[in-house]
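Below is one structure, written out as structure tokens; comments come after it.
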Protein chains: 2
Amino acid sequence: MRPGEKPEIANLPLFREMHEGQRDRIFSGSFLQVFPPQLTLFELGQRPDFLHVLVDGLVELYAHSAGRDTTMRIVEPVTSFILAAVVTDQPYLMSARTLVASRILLVPAALVREVVKDDCALMQATMRELAQAYRGMVRALTDMKLRQSAERLGNLILDQDRLQGGNGKVVLKAEKRLLASLLGMTPENLSRGFGLLAAHGIEVSGAQVTITDRPALEAYSRPDPVRDDPA
Amino acid sequence: MRPGEKPEIANLPLFREMHEGQRDRIFSGSFLQVFPPQLTLFELGQRPDFLHVLVDGLVELYAHSAGRDTTMRIVEPVTSFILAAVVTDQPYLMSARTLVASRILLVPAALVREVVKDDCALMQATMRELAQAYRGMVRALTDMKLRQSAERLGNLILDQDRLQGGNGKVVLKAEKRLLASLLGMTPENLSRGFGLLAAHGIEVSGAQVTITDRPALEAYSRPDPVRDDPA
DNA sequence: GCCTGCGATTGATGAACATCAAGCGGGCTG
DNA sequence: CAGCCCGCTTGATGTTCATCAATCGCAGGC
């Protein structure tokens, strides 16, 4: 592990509050591994072996069924993922692959379950993390059911702007085809979506999106004051 | 509380394993209330006051935005709901209303959070419940993104058949318009969906659905061996 | 420098689904 | 029992989105 990374991982909401001894137990049982781009980390249906913590790189979680497939989430560092499968010890509902070369901390699933049982602080953090993840999924599902594609795109841009400082400059960090899949649309329609939003306050140049007229963009995208609340 | 109900609630996965004294603390701080049909229990955006446990009746959780609305879940007894909002103390992401006259146990949210902190068994049960709920949402989102409407309907029938004994007789317990909204389609299209599935192994008569040719229904609906696994 | 490959774009067409508009039928009320 | 209401169904039409096909533009390799 590189200097500075261990504290960064220890400072994740998931591990921050836990007993130091137990945290050492977690860390000493885990190992950091480097993966090349486009490598499948695990497949839908497998029993979870490890809790994953993306330390550096970019990972895609995706689902597939009957020939079709869709990306469910793009994981950026530093974040843990597939916690729910690990705590329930049930098969993954999604597959995962690296998008670029990535460094991932692998925590044996059995160890996680064991330490969770012993350390109430970790259990509480896990509970909170799962609650947040659940709420994230509720948002994603309502987004998909209530909005049409260009509105979803508009809201994604507003979200990203918030995360990237709120100054109206947004950089798309994944390929547009991936973004399309995340939004539940085709790359062609994503293109048309950007075209449509050009008339509603944005400018696009490659991966650089600029919000030129926020009120117009919000009027079109109709962000929900509750669901899309910054907090 | 009617005789037999308290043990039934105490036997919920959420409360089953917890310390008896703490459970009494929960129960003595809560109250059971009867609500008429079509009553709004809470609205999207409110701070959660109570953890709800549906003891008898039927409740709809729904979301709405920009004039459109969609039902997210139909809650049957005996089940708790909106646990995630309660443990995070964040605003509801969904609204709730009774579909029929319902009896609901209201557990003050602050009490839940307090007892969760003191009782590790309850915390663990909460954690598991949230993990399951998360996985349920992952299923729902992939269902929405990967399948088209008639396939979703087919899979819902297969699911319900499993829950109702697996003998090929399924009773729809909600109005079809509600089912349509749950599946993310219009009532008109739900009708057409049933029509289409008539050619793929089902018969419909009112709220009674019969699976006449399970292989055909499965060939059409393509249930996922992992995601739609009975277990 | 030019070729090549691949992602992004643009246009034309078609499928899935929503919307609009009647009818149908069953249960409830007077 | 008749009438009516309401949910469901059925058909006709329009919108949204996917698909197919062609082109553009840029980056890497020879």
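Letters A, B, ... are given to chains in the order of the sequence lines, protein chains preceding strands, and every chain is numbered from 1. In what follows, every heavy atom counts, from backbone to side chain, and hydrogens, waters and symmetry copies are set aside.
By the 6.0 Å and 45° rule, B:R103 does not stack over the aromatic ring of B:F35.
Distance, A:E151 CD to D:dT15 P: 16 Å, rounded to whole Å. One atom, CG of A:L178, and another, P of C:dC6, lie 18 Å apart when rounded to the nearest Å. Rounded to whole angstrom, the span from the CZ atom of A:F194 across to the P atom of C:dA8 amounts to 10 Å. Atom CG of B:L190 and atom C1' of D:dG7 are 12 Å apart (whole Å). The CZ-P distance, from A:R147 to D:dC17, rounds to 13 Å in whole Å. Remark: P of C:dC17 and CZ of B:R68 are 17 Å apart, rounded to the nearest angstrom. In this structure, the CE atom of A:M185 is 21 Å from the P atom of C:dA15, given to the nearest Å. Between the P atom of D:dT16 and the CG atom of A:L183 lies a distance of 17 Å, rounded to the nearest Å.
At C:dA8, none of the side-chain N or O atoms of A:S191 fall inside 4.0 Å of OP1 or OP2 (strictly under the cut-off).
Within 4.0 Å of A:G184, counting heavy atoms only, lie sugar-phosphate atoms of the nucleic acid but no base atom.
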Atom pairs, N/O to N/O, protein against nucleotides 19-22 of chain C, distance under 3.5 Å?
from: C:dT19; atom 1: O4; to: B:R192; atom 2: NH2; distance (Å): 2.7
from: C:dC20; atom 1: N4; to: B:E188; atom 2: OE2; distance (Å): 3.2

Protein and nucleotides 22-25 of chain D: nitrogen or oxygen contacts under 3.5 angstrom:
none

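When the salt bridge (charged side-chain N to carboxylate O under 4.0 Å, His left out) test is applied to B:D89, the partners found at least two apart in sequence or on another chain are B:R47, B:R113.
Between B:L141 and A:M137, the closest side-chain pair of non-hydrogen atoms falls below 4.5 Å.
Enclosure of atom CD in A:E203 is not indicated, since only 12 or fewer non-hydrogen atoms of other residues, nucleotides or ligands lie within 6.0 angstrom.
Using a 4.0 Å cut-off between charged nitrogen and carboxylate oxygen, A:R68 and B:E151 count as a salt-bridge pair.
Closest to the side chain of B:R177, from the set C:dA16, D:dG7, D:dC17, is D:dG7.
For the pair A:K176 (side chain) and A:G206 (backbone), a donor-acceptor distance under 3.5 Å is present. B:S221 places no side-chain N or O within 3.5 Å of a backbone atom of B:E218 that could act as its donor or acceptor partner. Distance alone, capped at 3.5 Å, is enough to place a donor-acceptor pair between the B:S181 side chain and the B:T71 backbone.
For A:Q132 against B:T88, the heavy-atom pair with the smallest separation is NE2-CG2, 3.8 Å.
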